[in-house]
Amino acid sequence: MPMLTLADLGVLRGVDVERDPDGGEALVASITPTYTGCPALATMRDDLVHRLNDAGFARVRVRVVLDPPWSSDWISEHGRAALRAAGLSPPGPVRRPTGPLGLTLGPTRRAPACPRCGSAATRPISEFGATACKALYRCTDCLEPFEHVKEI
């Protein structure tokens with residue numbers, strides 16, 4: 001999603017300066033992928049290294065942090081606005097159950113608003129959009145299809 005920075009997406013967890021074994025210093029960026037098997041992880045890592053090299057940091061390492069796992073709640077408000085502006089429905093808040101979890105085999109129920117007209121009258125078309133982290137919906141008011149970034 002090129003409209004988002006890694007910080008807006010909540011993937012960038014921190015940046016530190018660490019001493020290398022040879023006594024030099026390296027900039028170490030910590031990132032958490034949106035999914036453990038996220039196919040964009042290598043691209044995110046490479047882009048981050050190239051951007052930091054271009055900014056004048058010669059020694060850059062990227063650390064992948066899996067705990068705690070990424071949550072769509074980490075997307076910034078600026079990131080959510082950028083998703084809407086690009087025609088994507090941003091995720092709602094993640095539901096955090098407090099008791100035992102029941103097993104449900106039915107489809108996930110969401111109620112995303114249409115990013116084009118703002119209508120809440122939307123229907124799912126497919127649980128999967130162009131990527132596994134998005135679902136495909138259609139607005140029943142303006143009739144336009146749109147992708148919804150899933151709550152994780």
Short question: side chain of Glu147, backbone of Ala130 - any donor-acceptor pair under 3.5 Å?
yes

Given the rule that I, L, V, M, F, W and Y join up when any side-chain heavy atoms are under 4.5 Å apart, are [X] and [Y] in one cluster?
X	Y	answer
Leu6	Leu66	yes
Phe128	Val149	no
Val17	Val28	no

For [X] versus [Y], what's the shortest heavy-atom pair and its separation?
X	Y	value
Ala113	Gly118	CB-O, 4.0 Å
Ile152	Thr34	CD1-O, 4.4 Å
Met44	Val11	SD-CG1, 4.0 Å
Asp141	Ala121	OD2-CB, 3.9 Å
Pro91	Lys150	CB-O, 3.7 Å

The complete set of side chain to side chain donor-acceptor pair (under 3.5 Å) pairs with one or both residues in residues 65-75, sequence neighbours excluded, reads Ser71-Arg96, Asp73-Arg96

What pairs meet the side chain to side chain donor-acceptor pair (under 3.5 Å) rule with one or both residues in residues 77-90, with sequence neighbours excluded?
Asp8-His78, Ser89-His148

Which residues end up grouped with Ile125 if you chain together Ile, Leu, Val, Met, Phe, Trp and Tyr wherever their side-chain heavy atoms are less than 4.5 Å apart?
Leu136

Rest of the hydrophobic cluster containing Tyr137 (Ile/Leu/Val/Met/Phe/Trp/Tyr, side-chain heavy atoms under 4.5 Å)?
Phe146

Pairs touching [range] that satisfy salt bridge (charged side-chain N to carboxylate O under 4.0 Å, His left out), sequence neighbours left out:
range	result
residues 30-52	none
residues 24-33	Arg19-Glu25
residues 28-42	none

Mind checking what makes side-chain contact (heavy atoms from CB on, under 4.5 Å) contact with [X], not counting sequence neighbours?
X	result
Asp22	Asp20, Arg59
Val65	Arg13, Ser30, Thr32, Arg63
Phe57	Leu27, Leu52, Ala55, Val60
Cys133	Tyr35, Thr131

Residues at least two apart in sequence or cross-chain that pass salt bridge (charged side-chain N to carboxylate O under 4.0 Å, His left out) with Arg110, listed by chain then number, are Glu127, Glu151

For residues Pro33 and Val64, determine if any side-chain heavy atom of one lies less than 4.5 Å from a side-chain heavy atom of the other.
yes

Separation between CG (Leu143) and CZ (Arg138), nearest 0.5 Å, reads 5.0 Å

d(Leu48 CG, Asn53 CG) to nearest 0.5 Å is 9.5 Å

Side chain to side chain contact (heavy atoms under 4.5 Å, CB included), that's the test. Do Leu12 and Thr5 meet it? Break it down for me.
CA-CA 9 Å; Leu12 182 63; Thr5 66; over 6 Å; no

